[in-house]
Each structure stands twice: as structure tokens, then as C-alpha cells.
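Structure, as C-alpha cells:
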2 protein chains.
Amino acid sequence: MTRDLDIISSALIFEGLPEQHLEQIKNVSVSENYPKGKIIFMEQDEGNGFYLVAEGRVKIFKVSPSGKEQILHVFGPGEPFGEVPVFSGRRFPANAETIRKSRLLFFPRTAFLGMITSHPSLALNMLAVLSMRLRQFTQQIENLSLKEVPARLAAYLLYLSTEQESEDSITLDISKGQLASLLGTIPETLSRILNRMNKQGLIETKDRTIRLLNREGLESLSIDGKKNEVT
Amino acid sequence: MTRDLDIISSALIFEGLPEQHLEQIKNVSVSENYPKGKIIFMEQDEGNGFYLVAEGRVKIFKVSPSGKEQILHVFGPGEPFGEVPVFSGRRFPANAETIRKSRLLFFPRTAFLGMITSHPSLALNMLAVLSMRLRQFTQQIENLSLKEVPARLAAYLLYLSTEQESEDSITLDISKGQLASLLGTIPETLSRILNRMNKQGLIETKDRTIRLLNREGLESLSIDGKKNEVT
DNA sequence: ACGTTCCATTGATCCGGGTCAAATAATTTT
DNA sequence: AAAATTATTTGACCCGGATCAATGGAACGT
């Protein structure tokens with residue numbers, strides 16, 4: 001198990017803070033263990049603090065009355081989540097659930113707010129985190145509204161390939177079903193599109209490993225929805 | 001023309017700050033006039049500060065290669081926009097354009113960051129603003145991904161009726177075309193749906209005035225996509 | 001190893017809503 | 001007020017992708 005202090009000091013949200021301050025932050029946090037598939041909070045719950053993933057993986061999502069799920073984020077080690085109620089004073093706007101056995105650090109609202117007032121750079125870090133998240137949501141809205149599913153998938157594959165340094169072979173870190181939900185579609189459709197991209201020679205899939213055979217094609221697909229036409 | 005200080009002191013983002021501090025804030029701001037339909041910034045521009053609407057109205061939006069537009073926000077007097085690059089250090093994720101003759105207050109990045117470090121409650125206010133915006137995006141993603149257009153429209157009408165205190169008659173503050181873009185659809189589709197809702201007795205439209213005839217029906221439509229079935 | 005359960009794939013069908021085209025209405029310009 | 005834009009509505013048509021149904025595979029507890 002990774003030490004709390006290591007997690008905290010490697011988290012972007014606490015970047016650049018003095019050692020002594022990190023210690024202080026560690027002391028207000030509470031470590032919590034969750035099995036896979038456990039609800040952490042639900043939409044409309046009161047938020048008395050936020051979380052930092054120490055180990056494992058957490059999804060933030062919405063569900064429609066008919067049961068369709070839309071994933072907003074998947075967070076891994078070092079990433080904070082559930083901050084919105086801390087600063088907005090409103091309830092959680094979405095649900096959170098572990099998709100793996102996980103360990104979370106919980107930061108109580110009041111303790112954290114107290115630290116912010118005395119440490120301005122902590123506030124600036126948090127502002128940076130929220131801003132990046134707004135960027136990401138902007139992207140997601142663009143994807144949902146202005147792109148069709150193949151373009152969203154292509155964009156996601158290219159994004160993954162930058163996350164993972166790997167030359168041209170990437171590994172899905174979530175199940176295909178979850179990926180479908182993240183892309184705003186359903187497993188059947190995702191399956192068909194992966195299949196089609198295989199036939200088109202854009203990718204080569206083997207279970208959760210996907211080899212990108214034609215970056216150019218994927219890029220153009222992700223932008224204008226058209227695979228490279230031969231002029 | 002409304003005085004700068006009045007705008008600043010009535011803006012949520014500067015709420016609760018001491019008079020003297022507001023004066024200081026006013027002094028770093030720059031007033032700028034824009035005609036209707038003027039681009040304020042474009043996606044990928046560098047952001048050297050953020051804006052506060054003093055008068056008029058501004059839309060934040062994305063455009064697809066094929067020209068379809070998705071509006072993310074429409075901001076009016078007292079609302080700030082363009083803060084993301086200030087804190088994320090990245091470029092603008094979307095475009096901004098006036099949809100009316102407008103006056104904006106511009107706050108340069110460095111001056112504002114300086115004030116934040118010396119005034120923690122300013123940071124907390126900004127965190128609250130960004131958090132509310134994340135909430136709103138969450139809502140918008142839910143709408144786009146999990147609801148169909150009639151449900152989105154119903155939700156928007158009900159939202160407008162709380163904004164405007166009016167008993168049951170609301171007035172669109174943007175054109176139908178812009179509304180379509182805000183809801184993630186196109187004018188033709190919006191027109192047809194308004195027409196259908198009229199026939200169903202849910203609303204009664206006359207130009208930009210809409211009378212809500214059946215709140216219950218609209219509510220149930222906005223939630224589960226079904227108008228009240230008679231059991 | 002074996003059934004049980006969950007996940008992924010494939011086929012057939014349906015529908016919301018986007019596209020294209022054209023008419024009508026509302027604004028703005030001169 | 002006439003002309004020229006621009007916004008809104010209506011009709012005919014089409015398509016991406018969701019739904020429903022069924023089968024094959026992989027993971028898992030006993």
C-alpha cells in the first residue's frame with residue numbers, strides 16, 4: 001500500500017506546497033477502503049468533504065430514469081473528486097462508485113476550507129484543478145453534441161495513446177461497457193464501431209489491447225468525422 | 001450606463017468583500033464596449049484575463065467543422081466568463097461572442113492573481129463560481145446524453161420560469177435559433193417540438209412569449225420524457 | 001471442472017432528429 | 001414603404017444509433 005504522504009505529495013492538487021504543509025494536510029485526511037462496485041456517494045447527497053484516490057479507480061456518473069448511464073469521469077490515483085459541494089454549498093450533482101477495489105483519502109470540508117484561507121497557493125491549485133475540469137467538460141459537451149460516435153472513439157483512442165506513452169499499442173483501462181458509457185453510447189454500438197474500424201485498417205483489437213495502425217486516419221476521423229479520403 | 005462599482009458590488013463573484021477592496025478591484029478592471037455579434041475571443045486564443053458582463057449579453061459556444069453550433073452558456077450582467085485560462089494556464093476552450101450590444105469589464109490575469117493571494121475570500125468566491133459552473137455542465141451533459149429534445153426544452157422552460165418570477169408566462173431572452181443551439185439541436189427541430197407542445201396543451205406560444213399551461217406535464221416530460229399519462 | 005453470472009458480439013428493426021428545400025414571417029436597411 | 005436580409009416554420013426524406021433478441025465467451029464462486 002502506498003503511503004498517504006506519497007499520494008498527497010504526488011497529487012497535482014497539492015503540487016508546490018512545502019513539506020510541512022503536506023504533513024498538515026495528511027493529518028486532516030481520513031483513509032477509507034472500498035471494495036469494487038461500491039457507491040461512494042449519490043447525486044443529491046450532502047457533501048461534507050472531498051476525496052482523493054489513493055489506490056484503485058472511481059467513476060463519476062449520471063443515470064437516466066430508463067437506466068442508461070453516462071460516465072463523466074474516471075479517476076485514478078492522485079486525482080481528487082467530489083469537490084463541487086465543498087465550494088458551491090450545494091449537493092452532489094452526480095454519483096460516484098468504485099470500479100475497482102480502492103483506497104480513498106477523505107478531506108473534511110471545514111478543515112480543508114480552513115487550510116485554504118491560510119495557504120493561498122492551495123486555493124490556486126484548487127482553482128487550477130476545477131478549471132481543468134471545466135475544460136474537460138467543455139470537450140465532452142462538444143463530443144456529445146457535435147461529433148458522432150466514431151469520432152468520439154477515435155478522439156478517445158488518441159487521447160489514451162498520449163496518456164500511455166506506448167508507441168502505437170494501447171490498453172483500455174476500463175471495460176468496453178464502461179467505455180461505451182463514457183462516450184455516451186451503448187456497448188452494442190461501440191462493438192460495431194470497433195469492428196468497422198478494424199475492417200477499415202484503422203486499428204487492430206485484441207481484447208483490451210488496441211493497436212493504432214493509422215494515426216492520420218484516426219486524427220482526421222476524430223476531427224471532421226471522415227476517415228482520410230484518398231484525393 | 002450602470003456604474004462599474006455597482007456592477008462589481010452586485011456580482012456574486014465579489015460578494016461579501018469589503019467596500020475598500022471592491023474599489024481596488026474596480027481599479028484593475030478595464031471597461032470595453034462591443035457591438036452586437038462581435039467576437040470577444042476564440043477557442044485556442046491565449047487568455048490574459050477574464051471578463052465580467054456589465055451590460056448586454058454574451059454567448060460561449062463551440063462550432064463543429066460542418067458549422068453546427070453548441071452554446072455552452074449565455075451570460076448577462078454580473079456574470080464573469082473566460083476564467084479558465086487564468087487558472088489552468090491553458091488556452092480558451094471555446095469561443096465568446098456578444099449577442100447584444102454589450103459593455104464588459106476586463107480583469108487582467110496577473111493583477112487578479114495578485115489580489116487573490118492577499119484576499120482569500122476572493123479565492124473562495126471564485127471557487128464557488130467555478131463549482132457552480134461545473135454543476136451546470138454536469139446538467140448539460142446529462143441533458144445531451146440522457147434526455148431527448150422535448151425533455152430538454154421542458155426543463156429549460158421550467159428553469160426560465162424560476163429565473164423570471166412570472167406566474168406562468170415567460171419570455172425568451174434569446175432567439176429561437178440560439179435556444180436550439182443551447183439545447184443541442186437545430187431550429188427546425190425546436191420549431192416542430194414547440195408546435196407539438198402547443199397541440200398537447202402544455203404551452204401556448206406567441207412570438208417570444210410562452211405561457212406554461214401545464215406545469216405538471218412539463219415537469220414529468222422533463223424528467224422521464226413522458227407527458228403525464230392518464231392512468 | 002462446472003454451472004452461474006456477467007460481458008461482448010452480431011443481426012433485425014425502429015425511431016428521433018438531422019438534412020435539404022421551400023415558403024412565410026419578421027427585421028433591418030436604404 | 002419597398003427592398004433586402006435574416007429568422008421561423010413546414011414538408012419530404014434519410015441516417016446514425018438505440019432497442020430488442022439471441023448467441024458465444026470469459027470470469028468467478030463453490
Side-chain angles (χ1 to χ4, degrees), chain A residues 35-37 59 63-71 97 99-101 143-154 172-199 203-210 221 224-227, chain B residues 35-37 59 63-71 97 99-101 143-154 171-199 203 205-210 221 224-227:
Chain A
K36 172 178 173 174
K59 70 173 175 187
V63 186
S64 77
S66 68
K68 188 184 172 194
E69 172 190 280
Q70 170 68 47
I71 294 182
E97 180 181 331
I99 57 177
R100 294 199 195 161
K101 185 171 179 305
N143 287 342
L144 287 172
S145 171
L146 305 177
K147 291 180 178 173
E148 26 203 61
V149 181
R152 291 179 221 162
L153 175 58
L172 294 183
D173 46 354
I174 52 178
S175 75
K176 299 229 173 104
Q178 302 280 283
L179 175 56
S181 165
L182 186 63
L183 296 178
T185 185
I186 57 174
E188 291 96 319
T189 299
L190 176 60
S191 179
R192 284 183 241 270
I193 291 173
L194 280 170
N195 192 319
R196 199 197 312 162
M197 288 169 87
N198 266 299
K199 285 178 185 150
I203 59 173
E204 193 177 274
T205 58
K206 175 165 176 22
D207 293 322
R208 282 197 182 183
T209 302
I210 300 179
L221 177 58
D224 51 34
K226 285 159 189 51
K227 60 179 176 308
Chain B
K36 173 178 172 175
K59 71 173 176 187
V63 186
S64 77
S66 69
K68 189 185 172 193
E69 172 190 281
Q70 170 70 48
I71 294 182
E97 181 181 331
I99 57 176
R100 296 198 194 162
K101 184 171 180 305
N143 287 341
L144 287 172
S145 171
L146 304 178
K147 291 179 178 172
E148 28 202 58
V149 181
R152 290 179 222 163
L153 174 58
T171 306
L172 294 184
D173 47 353
I174 52 178
S175 76
K176 300 232 173 100
Q178 302 279 284
L179 176 55
S181 164
L182 186 62
L183 297 178
T185 184
I186 58 174
E188 292 95 317
T189 299
L190 176 61
S191 179
R192 285 184 240 271
I193 291 173
L194 280 170
N195 193 318
R196 198 198 311 163
M197 287 169 87
N198 267 298
K199 286 179 186 151
I203 60 175
T205 59
K206 175 163 175 24
D207 293 324
R208 281 196 183 183
T209 303
I210 300 179
L221 178 59
D224 53 34
K226 285 159 190 51
K227 60 179 177 308

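Please read these numbers as outputs of a predicted model, since none were measured by experiment. Each chain gets a letter, A, B and so on, in the order its sequence line appears, and its residues count up from 1.
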Query - Minimum-distance nucleotide (side-chain atoms of B/N195 versus D/dT9, C/dT9, D/dT10) - result: D/dT10
Query - From C/dA12, D/dG17, C/dG17, nucleotide with atom closest to B/V149 side chain - result: C/dG17
**Report entry** Nucleotide of D/dG17, D/dT9, C/dG18 approaching B/T189 most closely (side-chain heavy atoms)
**Finding:** C/dG18
Query raised in the report: Rounded to whole angstroms, how far apart are CE on A/M197 and C1' on C/dT9?
Result: 17 Å
Report summary line: Judged by nearest nucleotide, the residue sitting upstream toward the 5' end of DNA chain D, A/R152 or A/E188, is A/R152
Requested in this report: Quickly work out the B/N143 CG to C/dG16 P distance and round it to whole Å.
Outcome: 18 Å
Query raised in the report: Of A/K147 and B/L194, whose closest DNA chain D nucleotide lies nearer the 5' terminus?
Result: B/L194
Report summary line: Among C/dG17, C/dT9, D/dT8, the one nearest any side-chain atom of B/S175 is D/dT8
Query - Nearest to side-chain heavy atoms of B/R192, which nucleotide of D/dT10, C/dG17, C/dT10 - result: D/dT10
Query raised in the report: Taking the side chain of A/I186 as its heavy atoms from C-beta onward, which of D/dA18, C/dG17, C/dA26 lies nearest to it?
Result: D/dA18
Query raised in the report: Please give, in whole Å, the distance from C/dG16 P to A/K68 NZ?
Result: 15 Å
**Report entry** Selection from C/dG18, C/dG16, D/dG16 that lies nearest to any side-chain heavy atom of B/E148
**Finding:** C/dG16
Requested in this report: Specify the separation, in whole Å, of atom CZ of A/R208 and atom P of C/dA8.
Outcome: 7 Å
Report summary line: Which of A/T189, A/L190, A/L183 passes side-chain contact (heavy atoms from CB on, under 4.5 Å) with A/I186? It is A/T189
**Report entry** Terminal axes of the helix from C/dA1-D/dT30 to C/dA23-D/dT8 (five pairs each): angle between them, nearest 10 degrees
**Finding:** 50°
**Report entry** For atom NZ of B/K36 and atom P of D/dA7, their distance in whole Å
**Finding:** 8 Å
Requested in this report: In whole angstrom, give the distance that lies between atom CG of B/L153 and atom P of C/dG16.
Outcome: 16 Å
Report summary line: note: A/L146, atom CG; C/dG17, atom P; distance rounded to Å ~ 16 Å
Query - A/K206 NZ to D/dA26 P, straight-line distance once rounded to whole Å - result: 9 Å
Query raised in the report: Out of C/dG17, D/dT9, C/dA26, which nucleotide sits closest to the side chain of B/K176?
Result: D/dT9
Report task. Give one of base, sugar-phosphate or nothing for B/G67, where a contact means two heavy atoms less than 4.0 Å apart. Result -> nothing
